[in-house]
Amino acid sequence: MNELRDRLRAAFSNLAPRERALVLAACAALGVALVYFVGVLPVKAASGRVGQRLEAAETQLQVVKRLRREFDEVNGRLTSVEQRILSGRRGNLRTTLESLAGQSAVKVESMEPQASPSHDRYKETKVLVGLEEVTLAQAVNYLHRIEDASQVLSVKSLRIRTRPDAPELLDVTFTVSSFEPL
């Protein structure tokens, strides 16, 4: 190593002053380029990656915050429904629906019990209700009374058809569920 350095010094000292200046300028340019490519560029690239990761993390944080708000809202609604189930009046679903139909001036054509899935915390009772030749106002009034009943009732499905013989009248079919704690 020392021998190589000595030979380079000797070759450098044999150069003319202009050549020495050119060699020093070339070495300085090479040094600056080396510092830039080895030191500055990797730091800039890492900084850019950190910026991108920061933006991605901020986006993910916003998504998590939105999901948390949605979860809290759904959880609040679930708690409210559970409280209604626990404190709500209990009774025979068919009897309740017939009573509400009488209050709504609606004649129920059919009520058929439906199979309901088993739950670990609540007992669900389902009934398929059929109304024929009712006005829109009667159907809405009856459905509104079902939704506002003191017993926890939920309309699960609803099908409305106009009658071909009387377009102002409807045939309405829907499923109503009631829930009771086990």
Side-chain angles (χ1 to χ4, degrees), residues 1-90 93 113-129 136 139-140 143-144 146-161 172-182:
M1 190 69 146
N2 286 338
E3 184 179 317
L4 179 62
R5 192 174 17 145
D6 290 340
R7 280 195 303 170
L8 286 174
R9 260 193 204 150
F12 186 73
S13 60
N14 288 337
L15 294 175
R18 269 201 221 156
E19 291 171 337
R20 281 186 200 163
L22 278 173
V23 168
L24 287 175
C27 287
L30 182 64
V32 168
L34 188 63
V35 166
Y36 181 76
F37 287 114
V38 172
V40 175
L41 277 182
V43 169
K44 282 179 73 174
S47 172
R49 286 191 303 271
V50 166
Q52 290 172 343
R53 288 196 338 235
L54 179 63
E55 288 176 20
E58 287 175 350
T59 301
Q60 289 175 346
L61 178 63
Q62 294 303 319
V63 168
V64 167
K65 284 180 179 179
R66 180 181 53 82
L67 290 173
R68 179 58 192 209
R69 282 191 307 272
E70 289 174 8
F71 173 79
D72 289 343
E73 178 184 329
V74 169
N75 196 34
R77 288 192 325 228
L78 176 64
T79 302
S80 171
V81 168
E82 286 178 340
Q83 287 299 323
R84 281 186 60 210
I85 290 172
L86 292 174
S87 64
R89 186 174 66 86
R90 288 158 185 58
L93 178 58
Q114 300 288 302
S116 58
S118 62
H119 300 281
D120 57 339
R121 295 170 55 181
Y122 304 103
K123 175 186 170 200
E124 180 180 8
T125 307
K126 283 184 174 182
V127 173
L128 179 66
V129 179
L136 179 61
V140 169
L143 291 169
H144 182 69
I146 290 171
E147 288 290 324
D148 286 345
S150 59
Q151 185 176 351
V152 180
L153 303 177
S154 175
V155 176
K156 295 288 187 169
S157 64
L158 175 66
R159 189 179 77 212
I160 301 174
R161 289 179 290 140
V172 182
T173 306
F174 55 92
T175 303
V176 178
S177 292
S178 71
F179 300 91
E180 294 179 9
L182 291 177

Looking at every heavy atom in both Leu153 and Ile146, which two are closest together, and how far apart are they?
CB-O, 3.7 Å
Crowding at CD, Glu3 (>12 non-hydrogen neighbours, <6.0 Å)
no
Report yes if the side chains of Lys126 and Val176 come closer than 4.5 Å at any heavy-atom pair, otherwise no.
no
Glu70/Arg66 ion pair, N-O < 4.0 Å
yes
Rounded to the nearest 0.5 Å, the CG atom of Leu15 sits from the CG atom of Leu22 at a distance of 9.5 Å
Non-hydrogen side-chain atoms of Glu124 and Lys156 separated by less than 4.5 Å
yes
Heavy-atom side-chain contact between Leu143 and Glu147 under 4.5 Å
no
How long is the gap from NZ on Lys65 to CZ on Arg68, to the nearest 0.5 Å?
13.0 Å
Give a yes or no answer on whether the side chain of Arg161 reaches the backbone of Val172 with a donor-acceptor pair at less than 3.5 Å.
no
Where Gln151 and Ser178 come nearest, the two heavy atoms and their spacing:
NE2-CB, 3.8 Å
Could you check whether any side-chain heavy atom of Val129 comes within less than 4.5 Å of a side-chain heavy atom of Thr175, counting everything from C-beta outward?
no
Given side chains that start at C-beta, do those of Phe179 and Ser154 come closer than 4.5 Å, heavy atoms only?
yes
Side-chain donor or acceptor of Gln62 paired with backbone N/O of Thr59 under 3.5 Å
no
Taking all heavy atoms of Val38 and all of Pro42, pick out the closest pair and write down the distance.
O-CG, 3.3 Å
Does the side chain of Phe174 reach to within under 4.5 Å of the side chain of Arg159, using non-hydrogen atoms?
no
Within this structure, what is the OG1-CD distance for the pair Thr125 and Gln114, rounded to the nearest 0.5 Å?
12.0 Å
Is there a donor-acceptor contact under 3.5 Å from the side chain of Asn75 to the main chain of Phe71?
no
Rounded to the nearest 0.5 Å, the CZ atom of Arg9 sits from the CG atom of Asn2 at a distance of 9.0 Å
